[in-house]
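Remarks on the structure that follows.
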Amino acid sequence: MIRITPTPASQLGNTDFSKLEFGKYVSDHMFIAHYRNGQWDNGEIIPFQNIPVSPAALALHYGQSVFEGMKAFRMNSGPVSIFRIPKHLERLNRSLERMCMQPVPAEMFREAVETLVKTDIDWVPPAGEGSLYLRPFVFASESRYGVKVSDEFTFIIFSGPVGPYYPKPLRVKVETLYSRAARGGTGAAKCAGNYGASFYPTRMAQQEGFDAVIWTDGQQHEYIEESGTMNVMFVDRGTLITPELTDSILPGITRDSILQLARKMQIDVREYKIPVQELKQKLADGSLTEAFGTGTAAVVAPIKSISIDGEEFTLPDATDDSLMFRLRNALNELRTEGSGDTFGWNTILS
Ligand SMILES: *Cc1c(COP(=O)(O)O)cnc(C)c1O
């Protein structure tokens, strides 16, 4: 049992659920646990609040910090369901291992996530009107400025309601100067530093009028990797294609879910190393009809044009019949109806 200290001052009444912007509101409570002297404490749920952090905390200097992003949904029938808890835990622990950080015990993670969502259950938006975004993260909290692997860690989960997110179709460029991740690097770990390093190239692309970049491999910039902070998929003559996972691609859980759903829907799926020049050819001859990003926040983010070597290719407008929206709707339905969940992805809270 996790100890819960309820907030004396709920912010629920000050939150406009009709105007939810991603990342704007936090719910009333958070879970916090500490790893010290070789063990995790029990952790507790407390009102969302600032925390004391030593200026010498190792995370602030040497970047030992990893995070997750996951969601809870209100189902049409009323109960709340949390999406793919074991898969998020598995990825969190793989990221932690890559950063020489202490893994989070499975039972602690599951209980913390479930108890936190139950505590803030009124913060889960109505079915179809958004979801409760959960942000688990772990950082090196040992106060010591000599370079070392931290012996102390803080694990926090907080949450916030987010609206249904229909991003405007993106104008992107294939990036061939900067890299997000290198072979042998940390690209497959959801670590804070990957984001810090991606801001500058993204800002440069935005100054040229693009919304985001499509990252390519860090060696030769010859193969497609990801789109901004999302995985990327294309439709090539009806076949769903996406870069196969490597150690420089973040293994998205939305990516995995969409691929599994597509296979179940008898759609042809191919995961392979997609050469930039092949993509350019397919855009030029019209065989590529859809491009989109996938991630927990947006689920599916349509791409309207792709610039390669200074040449911009515009894709047909996405319609309700587009594969990307059929897949997005199937995933949303699985989460709010529960009926299609032959995978066991939903944890339905009682
Ligand atoms: C989190 C993330 C994704 C998407 O992963 P999801 O599990 O689908 O949210 C894709 N690329 C990067 C770089 C990420 O950090």
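Each ligand, and each atom within it, is numbered from 1 in the order the structure gives. Worth saying up front: this structure is predicted, and the values here are computed from it rather than measured.
A72 approaches V117 most closely through the heavy-atom pair CB-CG1, 4.1 Å. Of all heavy-atom pairs spanning A330 and M265, the tightest one is CB-SD, 4.0 Å.
Evaluation of the ring pair (Phe, Tyr, Trp, His ring centres under 6.0 Å) test over residues 77-133, restricted to residues two or more places apart or in two chains, returns F22-Y133, F83-W345.
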Identify all N/O pairs between ligand 1 and the protein with a separation under 3.5 Å and present them as a table of atom names and distances.
from     : atom 1 : to   : atom 2 : distance (Å)
ligand 1 : 7 (O)  : R91  : NH1    : 2.8
ligand 1 : 7 (O)  : R91  : NH2    : 3.1
ligand 1 : 7 (O)  : I253 : N      : 2.8
ligand 1 : 8 (O)  : I253 : N      : 3.3
ligand 1 : 8 (O)  : T254 : N      : 2.9
ligand 1 : 8 (O)  : T254 : OG1    : 2.6
ligand 1 : 9 (O)  : T296 : N      : 2.9
ligand 1 : 9 (O)  : T296 : OG1    : 2.6
ligand 1 : 11 (N) : E226 : OE1    : 2.6
ligand 1 : 11 (N) : T229 : O      : 3.3
ligand 1 : 15 (O) : K190 : NZ     : 2.7
ligand 1 : 15 (O) : Y195 : OH     : 2.7

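Of the candidates H34, R144, E142, E152 forms a side chain to side chain contact (heavy atoms under 4.5 Å, CB included) with just one, namely E142.
Cluster partners of M75, by chain and number: I348. The rule joins Ile, Leu, Val, Met, Phe, Trp and Tyr whenever side-chain heavy atoms lie under 4.5 Å apart.
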Run the side-chain donor-acceptor check on residues 291-299: report pairs under 3.5 Å with partners two or more places apart or on a different chain.
none

